*Asks:* 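I'd like to ask some things about the structure below.
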Amino acid sequence: MSVKKEIVERVCDILAKREWGQETVQALSDLDLNLSPFQINEVLKQQKDTERALSFFNWAKDQRGYKHDAHTYTTMLGILGRARNFEALDCLFNEMLREGCKPSIVTYNRLIHSYGRANYLEASRNIFNHMHTVGCKPDRVTYGTLIDLHTKAGCHDTAVGFYDMMQQAGYCPDTFTYSLMIHCFGKAGKLTAAYRLFCEMVDQGYPPSLVTYNTMIDHFAKAGKFDMAMKLYNDMKEAGYRPDQVTYSIMMEVLGHSGHVEEAELVLFEMEQAGWTADAPIYGLMVDLWGKSGNAEKAVEWFNKMIHSGVKANVPACNSLLSAYLRLNSYNAAREVLQSMSKWGLDPSLQTYTLLLSCCKGTEQQQQIDLMLSLKGRIEHPAHTFLCSFLTSEPSDTRSLIRHFFDCMQFEEQETKRGFADSLIDFLHDSGLKSAAGHVWDIVVEKSLYPRAVTDKTPHHWSVNLHVMSIGTALVALLRTLVLFKERMVTSGVAPERVYIITGWGRRSRVAGASLVKHAVESLLNSLGSPFHIDGANLGCFVSKGKPLFQWLTEPQVEQVLVF
DNA sequence: GGATACAGTC
């Protein structure tokens, strides 16, 4: 081992031994070394604990003749970003500038990533714009990071915008960026565009990576195009890739969701034969698949298999098991899952609470309601505190309460927050608390949790997309959006040519052709005598023209329904 | 020497 490497290891050992303190400082100075920024950086990279990393970083700063460089600052900024300590991160970045250390492209890329992963997307875009003003030219990684962040937030159009910008800036897409965009189009439901890019990358001489194959296979499979998924799976093997855990997970999920959970089990065994070991997420997937198929015995069997194989249960796996029991109204078993979680030191997540909330619906037996409430009350999650204060608050306080709660949930994934919001709105709507449900909808729109729900295809075509929502959320969203459309028409004085209400026709529901959302929307529209109708081949889409729509919206009995 | 992607709770 080189002397340089040995020094780095000795420093790491000292740091790992104890909490940062006087003893650490003494031990470091006993080494009597003049560490270079390179070595400091190597040490920093190995630090898992943010506080310790920062103490070491500050200690280094005080060493005689030492000065941090762009690499060490960047690494430290990355560590703070990962810990979501933005106060310290801003402070350190300012210090970097003050010290005359010029941020590099990597520094900016890390900042963009740090803010974006914490859902501060606007801050990410501001940094991107700031780069231009200081003459730092964004590179492929910058664009790739922004594409990924916006894809994850569901802002697919913005992601495409960054892809176009990247090409205008003179960068051709590479394997990495192609994979990102294929994922983006797939997530946006544009399978054809995704596959077109896949073919384009091959034509351009960029070989698809294992990740590209996995992504494309997943999107084909989720869209029900199993022949294409299978073809790519074979192509992938022909290209010399061996399926990895992700490939196997994708296959298992597809099989499970199309009613072939036993085949999914076989894939897991095949995966083990191929030398991979099942981890908590893979076991969790089996628990989930059996649970969703209504077989709680098999779900718990796999859960126990996980424990016995020495894999520690994680929160998602527990949620899957909990969900399996709740689905069958087995509240005592559900309670035991919650107790086990607490015993294992696993904190219930927002999803745990969402599951319990979704179960509070459609129950008329007082005994079941009581059981549910006792389960929910057991959970120490901010969501429970929020819901309790929300249900008892003065109407004038509700909006600020909701806003504050979602502010506290800043770091949760969009999808998770959307799931909670959906259950909450559905629950409130179902309980007859329409006005409260409307407030929640307004705030989640304000927080961009449904970036694709209300869109304008062109200035003359407006649409609202309800097809992934629960019934209650879809109805609340529809009424609120109609109010919005009406206000737009009033202020602009212009009526759009077409207005679309997209409900889906049930492709995603268990029984094809039976969309509960569509039926609920249809009855509401019919009961109010609306001008919306099914037009053309899309059975899940209601259409109307702007002018008759405006007239209808101003009818007194309609206005009455819209005010809540 | 420092930075980016795929599956898995709903």
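Here the structure is a predicted model, which is why all the values come from computation and not from measurement. Letters A, B, ... are given to chains in the order of the sequence lines, protein chains preceding strands, and every chain is numbered from 1.
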*Asks:* Can you figure out which of B/dC6, B/dG2, B/dC10 approaches the side chain of A/Thr215 most closely?
*Replies:*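 Out of B/dC6, B/dG2, B/dC10, the nucleotide with an atom closest to A/Thr215's side chain is B/dC6.
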
*Asks:* Should we count CD of A/Gln414 as having more than 12 external heavy atoms under 6.0 Å?
*Replies:*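 More than 12 within 6.0 Å, yes.
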
*Asks:* Grab the CG-P distance between A/Leu77 and B/dG2 for me, whole Å please.
*Replies:*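 Distance, rounded to whole Å: 15 Å.
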
*Asks:* Atom CG of A/Leu350 and atom P of B/dT9: how far apart are they, to the nearest Å?
*Replies:*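 In whole Å, B/dT9 P lies 14 Å from A/Leu350 CG.
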
*Asks:* Side chains of A/Thr352 and A/Asn319: donor-acceptor distance under 3.5 Å anywhere?
*Replies:*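 There is such a pair (donor and acceptor under 3.5 Å, judged by atom type) between the side chains of A/Thr352 and A/Asn319.
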
*Asks:* Between B/dG1, B/dT4, B/dT9, spot the one nearest the side chain of A/His113, thanks.
*Replies:*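 Nearest to the side chain of A/His113 among the choices is B/dT4.
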
*Asks:* Round to the nearest Å and state the distance from A/Leu232 atom CG to B/dC6 atom C1'.
*Replies:*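 Computing the A/Leu232:CG to B/dC6:C1' distance gives 14 Å.
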
*Asks:* Does A/His183 put a side-chain nitrogen or oxygen below 4.0 Å from OP1 or OP2 of B/dA7?
*Replies:*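 For A/His183, the contact criterion (side-chain N or O under 4.0 Å from OP1 or OP2 of B/dA7) is met.
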
*Asks:* Starting at atom CD1 of A/Ile112, determine the distance to atom P of B/dA5, rounded to an integer number of angstrom.
*Replies:*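 The answer, rounded to whole Å, is 14 Å.
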
*Asks:* Between B/dG2, B/dT4, B/dT9, which one does the side chain of A/Asn41 approach most closely?
*Replies:*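 Selected nucleotide (nearest to the side chain): B/dG2.
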
*Asks:* Output the rounded distance in Å from CG (A/Asn109) to P (B/dA5).
*Replies:*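 Value for this atom pair: 12 Å.
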
*Asks:* Indicate, with a heavy-atom threshold strictly under 4.0 Å, whether A/Ser179 touches base, sugar-phosphate, or nothing.
*Replies:*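 The residue A/Ser179 makes base contact.
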
*Asks:* Would you please test A/Asp422 and A/Thr473 for side chain to side chain donor-acceptor pair (under 3.5 Å) and show each step?
*Replies:* CA-CA 6 Å; A/Asp422 188 83; A/Thr473 309; 3.2 Å; yes

*Asks:* Looking only at side-chain N and O atoms, does A/Ser323 come under 4.0 Å of OP1 or OP2 in B/dC10?
*Replies:*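 Yes, within the criterion.
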
*Asks:* Enumerate, atom names and distances included, each donor-acceptor pair closer than 3.5 Å involving a side-chain atom of residues 188-198 of chain A, sequence neighbours excluded.
*Replies:*
none

*Asks:* Do A/Tyr213 and the base of B/dC6 stack face to face, with centres under 5.5 Å apart and an angle between planes under 30°?
*Replies:*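 Given the distance and angle limits, no, they do not stack.
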
*Asks:* Using 0.5 Å steps for rounding, measure from the CZ atom of A/Phe56 to the SG atom of A/Cys12.
*Replies:*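 Answer rounded to 0.5 Å: 7.5 Å.
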
*Asks:* Starting from C1' on B/dC10, measure out to CD1 on A/Ile471 and report it in whole angstrom.
*Replies:*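 Rounded to whole Å, this separation is 16 Å.
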
*Asks:* Contact class for A/Ser209 vs. all strands (heavy atom < 4.0 Å): base, sugar-phosphate, or nothing?
*Replies:*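 The residue A/Ser209 makes base contact.
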
*Asks:* Any chance the side chains of A/Thr212 and A/Thr215 put a donor and an acceptor closer than 3.5 Å?
*Replies:*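 Result is no, nothing qualifies.
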
*Asks:* Whole angstrom is fine here: how far is it from OH in A/Tyr233 over to P in B/dA7?
*Replies:*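 The answer, rounded to whole Å, is 18 Å.
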
*Asks:* Is any side-chain N or O of A/Ser104 under 3.5 Å from a base N or O of B/dG2, one able to act as donor and the other as acceptor?
*Replies:*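 Counting by modelled atom types and ignoring angles, a donor-acceptor contact under 3.5 Å is found here.
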
*Asks:* Any Lys/Arg nitrogen of A/Lys67 or A/Glu99 sitting under 4.0 Å from an Asp/Glu carboxylate oxygen of the other?
*Replies:*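 Here A/Lys67 pairs with A/Glu99 in a salt bridge, since their nearest N and O are under 4.0 Å apart.
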
*Asks:* Near DNA chain B, counting only heavy atoms under 4.0 Å, which residues of residues 148-169 of chain A show up?
*Replies:*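 Here the set is A/Asp148, A/Lys152.
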
*Asks:* Using a cut-off of strictly less than 4.0 Å, decide whether A/Lys187 has a side-chain nitrogen or oxygen near OP1 or OP2 of B/dA7.
*Replies:*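 Yes, because at least one side-chain N or O of A/Lys187 sits under 4.0 Å from OP1 or OP2 of B/dA7.
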
*Asks:* Among B/dC10, B/dA7, B/dG2, find the nucleotide with the atom closest to the side chain of A/Asp288.
*Replies:*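 Selected nucleotide: B/dC10.
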
*Asks:* Heavy atoms only, 4.0 Å cut-off, all strands: where does A/Ser249 land among base, sugar-phosphate and nothing?
*Replies:*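 The residue A/Ser249 makes base contact.
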
*Asks:* Sequence neighbours excluded, which residues qualify as salt bridge (charged side-chain N to carboxylate O under 4.0 Å, His left out) partners of A/Lys237?
*Replies:*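 Expected list: none.
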
*Asks:* When you check the side-chain N and O atoms of A/Asp244 and A/Thr247, is any donor under 3.5 Å from an acceptor?
*Replies:*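 A/Thr247 and A/Asp244 do have a side-chain donor-acceptor pair below 3.5 Å.
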
*Asks:* To the nearest Å, how far apart are A/Leu424 CG and B/dC10 C1'?
*Replies:*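 Atom CG in A/Leu424 sits about 15 Å away from atom C1' in B/dC10.
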
*Asks:* Counting any heavy atom closer than 4.0 Å, what does A/Asp422 reach on the DNA or RNA strands: base, sugar-phosphate only, or nothing?
*Replies:*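 Nothing, no heavy atom under 4.0 Å.
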
*Asks:* Counting only side-chain heavy atoms from C-beta out, which of B/dC6, B/dT9, B/dA7 sits nearest to A/Asn319?
*Replies:*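 Nearest to the side chain of A/Asn319 among the choices is B/dT9.
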
*Asks:* How is A/Asp69 classified with respect to the nucleic acid when contacts are heavy atoms under 4.0 Å: base, sugar-phosphate, or nothing?
*Replies:*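 Base contact.
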
*Asks:* On the nucleotide B/dC10, are OP1 or OP2 found under 4.0 Å from the side-chain N or O atoms that A/Lys292 carries?
*Replies:*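 For A/Lys292, the contact criterion (side-chain N or O under 4.0 Å from OP1 or OP2 of B/dC10) is met.
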
*Asks:* Should A/Lys45 be listed as having a side-chain N or O under 4.0 Å from OP1 or OP2 of B/dG1?
*Replies:*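 False: A/Lys45 side-chain N/O out of range (4.0 Å or more) of B/dG1 OP1/OP2.
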
*Asks:* Would you indicate what A/Ala70 reaches in the nucleic acid, counting non-hydrogen atoms under 4.0 angstrom: base, sugar-phosphate, or nothing?
*Replies:*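 A/Ala70: base contact, heavy atoms under 4.0 Å.
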
